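Predicted, not measured: the structure shown is a model, and the values here were computed from it. Counting convention: from 1, in listed order, for ligands and their atoms alike.
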Amino acid sequence: MAARARDNAYAPYSRYTVGAALLTRSGRVYTGCNVENAVYPLVTCAERTAVVKAVSEGEREFEAIAVVTSNGGTPCGSCRQVLAEFGQDIRVLVATPDGLVAEKRVADLLPEAFGAEDLG
Ligand code: THU
């Protein structure tokens, strides 16, 4: 599903297309792709597209996210932080169209993430 979502990526500037598929504990899957903008910093990454879609539909508990790129790129720091908000144990499957490259947990990708507890 992540690979299919990647087909919808809007990446005319970087030409680096990313697809994501986020599995909820309830068994649903929310997909996402990167959406770029002529004002470059306004890009939304594929992972955050998927998280925002899921949360806006009432989902907050996630099992895993699959991310597909051409070369097995891993989620950026911002996406790691957004995933960490919903759980250090979420599995992150990094893949290319040919298959799985790596499987990690959010805690591996962003140790000591800033969290609600840091707000006191
Ligand atoms: N990108 C993602 O969608 N997810 C990431 O975690 C890394 C980067 C996108 C943003 C931009 O459209 C392109 O990849 C190049 O940075």
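Without hydrogens or angle criteria, Lys53 side chain to Thr31 main chain gives a donor-acceptor distance under 3.5 Å. Panel note: side chain Arg91, backbone Arg105; no donor-acceptor pair is recorded below 3.5 Å.
Distance from atom 12 (O) of ligand 1 to its nearest protein heavy atom, with residue and atom name: Glu36 OE2, 2.5 Å. Of the protein's heavy atoms, Ala46 N, 3.0 Å lies nearest to atom 3 (O) of ligand 1. In terms of protein heavy atoms, atom 14 (O) of ligand 1 is closest to Tyr16 CD2, 3.4 Å. Annotation: atom 1 (N) of ligand 1 to nearest protein heavy atom, Cys45 SG, 3.6 Å. Given atom 7 (C) of ligand 1, the protein heavy atom at minimum distance is Cys76 CB, 4.0 Å.
Using cut-offs of 30° and 60° on the angle between ring planes, the pair Phe62 and Phe86 is perpendicular.
Residue Ala11 does not touch ligand 1, judged by heavy-atom distances below 4.0 Å.
Applying the 4.0 Å criterion to heavy atoms of Asn34 picks out, from ligand 1, the atoms 3 (O), 9 (C), 11 (C), 12 (O), 13 (C), 14 (O). Close approach to Pro75 involves these atoms of ligand 1, each under 4.0 Å from a residue heavy atom: 6 (O).
Within a 4.0 Å radius of atom 16 (O) of ligand 1, the protein contributes no non-hydrogen atoms.
Closest non-hydrogen pair, Cys76 versus Glu47, comes out as N-OE2, 4.4 Å. Across all non-hydrogen atoms, the minimal contact from Asn34 to Val18 is OD1-N, 3.0 Å. Counting all heavy atoms, side chain and backbone alike, Gly32 lies closest to Ala5 at O-CB, 3.4 Å. Annotation for Ile65 and Ile90: closest pair N-CG2, 4.2 Å, computed over non-hydrogen atoms.
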Test side-chain hydrogen bond (donor to acceptor under 3.5 Å, both in side chains) applied to Glu59 and Ser26, step by step: CA-CA 8 Å; Glu59 302 281 359; Ser26 61; 3.2 Å; yes
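For ligand 1, none of its N or O atoms has an N or O atom of Val43 under 3.5 Å away.
Evaluated by nearest non-hydrogen atom to atom 5 (C) of ligand 1, the leading choice among Glu47, Arg6, Arg80 is Glu47.
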